[in-house]
There are 2 protein chains.
Amino acid sequence: MTSSQSEVDAVREQIAAAGVDLRRLRSIEGHADEASSALARLLQLKARYEELTGDEYRKKRVRSPAAPAADPRRQKQPRLPRAAADETPPDPMACPPPAASFPAWAAREYFRFEVVHRSAKPGSRARVGRLVTPHGVVDTPAFVPVGTNAALKALDERHAREAGVQLTFCNTYHLLVHPGPRVVGAAGGLHKYMNHEGALITDSGGFQVFSLAQPSEDDGPELKSRNKRAATEAKEGGAKSGGSLVRVSERGAVFRSYHDGRTIELTPESSVEAQKLLGADIIIPLDELPPYHITPERLHASVRLSHRWMARSLRTHLANPQQQAMYAVVHGGTDQTMRRESAEYLASLPFDGFAVGGSLGKDRAEMLELLAFLMPLLPEDKPNHLLGIADPESCAAVVPFGVDTMDSCNPTRIARHGLLLSTAGAVKIKQLKYEADFGPIDPECETVPHSRAYLHHLFKQHEPLFMTLASQHNLIFMNKLMADIRRRILADEI
Amino acid sequence: MTSSQSEVDAVREQIAAAGVDLRRLRSIEGHADEASSALARLLQLKARYEELTGDEYRKKRVRSPAAPAADPRRQKQPRLPRAAADETPPDPMACPPPAASFPAWAAREYFRFEVVHRSAKPGSRARVGRLVTPHGVVDTPAFVPVGTNAALKALDERHAREAGVQLTFCNTYHLLVHPGPRVVGAAGGLHKYMNHEGALITDSGGFQVFSLAQPSEDDGPELKSRNKRAATEAKEGGAKSGGSLVRVSERGAVFRSYHDGRTIELTPESSVEAQKLLGADIIIPLDELPPYHITPERLHASVRLSHRWMARSLRTHLANPQQQAMYAVVHGGTDQTMRRESAEYLASLPFDGFAVGGSLGKDRAEMLELLAFLMPLLPEDKPNHLLGIADPESCAAVVPFGVDTMDSCNPTRIARHGLLLSTAGAVKIKQLKYEADFGPIDPECETVPHSRAYLHHLFKQHEPLFMTLASQHNLIFMNKLMADIRRRILADEI
């Protein structure tokens, strides 16, 4: 390496570090001056780079999960080949491989689902079940809280356990970005990394990639609200701006990290490989999340792409099941023909369960209409999961269709923003009327041993303890709600 | 009330509310646009006020702790009379009332101090004791963490109890500002308000008033660093700018609330009254915190003022002891003559213990020199407390002088900023070298069941859980350190 090349590399590293500093400073209140200095330094470094190389500075691309054992910024990564160079332009409607090309599904001793009771209430498909995983039994129907960054935001493991959490959802996308699946793998997997005893589920990482893509005119209300939610998620994860989708091809999706601007490639194989390193009890194959308002042709092409990706994912997974279960993601938006094709194709493959994904419609009514049609198409003996929808009203509404588990960051997110769930509706704890209200948050549902007045004070004073107590309250509330729902199914009331 | 007067009042209220909004928005990252709108609205409202009244808008003053049962902004408060109008100009060197004007100190069944062992090590005054309070026994020497706003920032009661916290320090100043002592009183006192089982100590509120005052040329390094610390404290309490001292007179101090700009008066009587409502086990009388670099004459006048204030505080307290103990604050800066006068005068009054306050010198060496001189002047049978100094090194250094308890927000504050205490010095957890370090935070001292790698990840991702785990780690570390110190005193090693 010439000394000038080594200087170029040094400047690149300094630029990367200065960029991280700048984003960090911009994200911290009251550091405007330091951020200005950091920006000035970054611009100086970029000018120096241009002086040395004659080229404008550009970030290097990194493949994932070939993510870094130690320092991502120091590893040299090959450039991604252009789609045109390494792939025959694919037929967007190409059929995915048939069931016959897979082994038949076989019961696994480490993961099984037992239906304990099917509701006898006319018209109800509600059921009470037990999902046995390597990390404990999940009584279903169950609410699944989201611990985006390998943490339930403000709750530690014991808080979560005591709140009745049975299964926790972590986001592969965020963990790809930081600390990287190899670090978690080196720790012995997510359970050890988080010191978590209960069951875990990870997604493919695709949802955030697609939902953090620039919103398009095509997006329906659902994806728009998901965009907003995912952007908030990314931001609460410490970034100032969401990641962005760079390119989708047959091979996979390329996106830009919100953490340090690297581009990361996610393929069906790399997503499974990442989830093997993470080691959750339930994993999910890569799928495409198309916008809401697209033509039936484009939707169909998207469903086929997702099927091809999921078949590749399943093959990769089955080569090394590693005591993990894989759920397929049923797609097709609100189009019944395509939902049926998706359910039938995916049910023909040896998946361990089925998640309902893709666009669920523009509102709850449309979602329920979809579930009424779709749920009977899923195998009755396998567990199913509703992706991303689990506010208290939705939980109660979807259970009669036979949903077993459902995840949402809603209960903990609204907690952090001062909305406490109660049997009489949400309590906006910032309201002055709670200043001297020494009663419990919800008189009907005993949760944390603190008064509304104290939580009001902590919220108004921005005390971090507020987030802990409020999140714990909302999770206890949700899990008591689900326990009550299970009781009512057993009594054939739901 | 004329309709124009009621409009003026309405505009005043709107201005106050808009001001609160503006400060809130400015304190939240990413709300610059909303803050600009709020500022525009505030300026419009002020213009409207001027139009209606012909006068520039000024905030009204409110007396404390005549603080508000419900909404402080809606209560009308009398203007404070000017000092000249209601007071004979006082003699700054006037002697405080003699001991004979107080009842003799008598043992109290609800609060007592027992010396368990005095170190036999030559030259050591270290002692192991037991402080029996209405809310539990405190084994001394003890570290006392600071829960500024009636909360240990990111730790709940159980986290604190399990970390070995015996006595917690809350700041009357912050509680005056929010939620106000009347609210806490209505809850049944701080213990009930916080749902706290352990012993509590509150200060007079004076420290923050004086340390948040505009730093003056006279301030020595100690007060300057205290200013910085207290300003951070106020800021972490949710405000953008610290409060400020408006006026000191014989009667007390007037300051401006960082929360809503109200001016609040703190007198020896009002501070005790507030602390009666808060109901901590140990309370502290109002004192003046003078700057470091002042003439001996001014320092002497300040000590005398503090003595007069403390005598008034003690009288107010003794009229209604309410199972509380009161510690005097020994003053005199680094001047031995004045420290002696202060210790002798205060020891002659029926206080239950003694706190070492005022300027402790410009560095640790000067502080230790002061303690070597001062501690033997304090009664041996009463407990003592070192105010505001309790980092691990200082704790170890001050114990041989006979210090029983010492408070500091340092261990929890540095935790939140990523500094984890360990037997080998502090661990800067943000360093990349910890990314894949799966060992415990301190291999010599078992605390939280999480690895450095996981804490590194949480810190880098701004996960709120980091604050909880890091704070808990540092508190466990401190309390184990103190337990070890007690063990070594019992073995006459310290």
Side-chain angles (χ1 to χ4, degrees), chain A residues 24 26-30 68-71 148-159 174 177-180 182-184 186-188 192-195 235-238 240 259 416 432-433 435-436 438 448-451 453-454 456-458 460-469 471-472, chain B residues 26-30 68-71 148-159 174-175 177-180 182-184 186-188 192-195 235-238 240 259 416 432-433 435-436 438 448-451 453-454 456-458 460-469 471-472:
Chain A
R24 161 68 43 81
R26 279 181 174 163
S27 75
I28 309 172
E29 178 203 334
D71 185 352
T148 301
N149 273 315
L152 275 171
K153 289 286 168 214
L155 293 183
D156 71 7
E157 293 307 320
R158 200 173 57 186
H159 273 134
H174 290 86
V177 163
H178 200 277
R182 282 186 197 272
V183 168
V184 179
K192 286 198 178 147
Y193 187 63
M194 296 168 68
N195 186 35
K235 200 167 155 185
E236 291 186 352
K240 287 294 286 183
H259 181 66
R416 297 195 301 279
L432 202 56
K433 66 179 175 185
E435 189 180 48
F438 304 113
V448 294
H450 294 279
S451 66
Y454 185 58
H456 169 84
H457 164 67
L458 296 179
K460 297 285 272 190
Q461 294 305 98
H462 305 273
E463 284 291 322
L465 179 58
F466 175 79
M467 291 192 280
T468 300
L469 298 179
S471 301
Q472 203 186 19
Chain B
R26 280 181 171 164
S27 73
I28 309 174
E29 178 201 335
D71 184 349
T148 301
N149 272 315
L152 275 172
K153 290 283 168 217
L155 293 183
D156 71 7
E157 293 307 318
R158 202 176 55 187
H159 274 135
H174 289 85
L175 296 171
V177 163
H178 198 277
R182 280 184 198 273
V183 168
V184 179
K192 287 199 177 149
Y193 187 63
M194 297 168 68
N195 187 35
K235 201 166 153 185
E236 292 185 352
K240 287 293 286 183
H259 181 65
R416 296 195 301 279
L432 203 56
K433 65 180 176 185
E435 190 180 47
F438 304 113
V448 295
H450 294 280
S451 66
Y454 185 57
H456 169 84
H457 164 68
L458 296 179
K460 297 285 271 189
Q461 294 304 98
H462 305 275
E463 284 291 323
L465 178 58
F466 175 79
M467 291 191 281
T468 300
L469 298 180
S471 302
Q472 203 186 18

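Proteins get letters first, then strands, A, B, ... in listed order; numbering begins at 1 in each. Only heavy atoms go into these numbers, but all of them, side chains included; no hydrogens, no water, no symmetry mates.
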Can you find a side-chain donor-acceptor pair between B/Asn195 and B/Glu157 that sits under 3.5 Å?
-> no

Between B/His159, B/His456, B/Lys433, B/Met467, which shows the greatest number of heavy-atom pairs under 4.5 Å with chain A?
-> B/His159

Given that the side chain runs from C-beta out, which part of A/Phe438 has a heavy atom under 4.5 Å from chain B: side chain, backbone, both or neither?
-> side chain

Counting heavy-atom pairs under 4.5 Å to chain B, which of A/Ser451, A/Ala154, A/Gly188 comes out on top?
-> A/Ala154

Which atoms of A/His457 come close to chain B, meaning under 4.5 Å heavy atom to heavy atom: side chain ones, backbone ones, both, or neither?
-> both

From A/Leu458 CG over to B/Asn149 CG, what is the distance, rounded to the nearest 0.5 angstrom?
-> 8.0 Å

Between the OG1 atom in A/Thr468 and the CG atom in A/Asp156, the distance rounded to the nearest 0.5 Å is 8.0 Å

Roughly how far, to the nearest 0.5 Å, is the OG atom of B/Ser471 from the NZ atom of B/Lys153?
-> 10.0 Å

Nearest heavy-atom pair of B/Glu463 and A/Ala151: which atoms, and what distance?
-> OE1-CB, 3.8 Å

Please state whether the side chain, the backbone, both or neither of B/Tyr454 comes within less than 4.5 Å of a heavy atom of chain A.
-> both

Nearest 0.5 Å, what's the CD-CG distance between A/Glu435 and A/Leu432?
-> 5.0 Å

Heavy-atom contact with chain A under 4.5 Å, split by part of B/Leu155 = backbone

For each of B/Arg158, B/Lys192, B/His450, tally heavy-atom pairs with chain A at distances under 4.5 Å, and name the one with the top tally.
-> B/Arg158

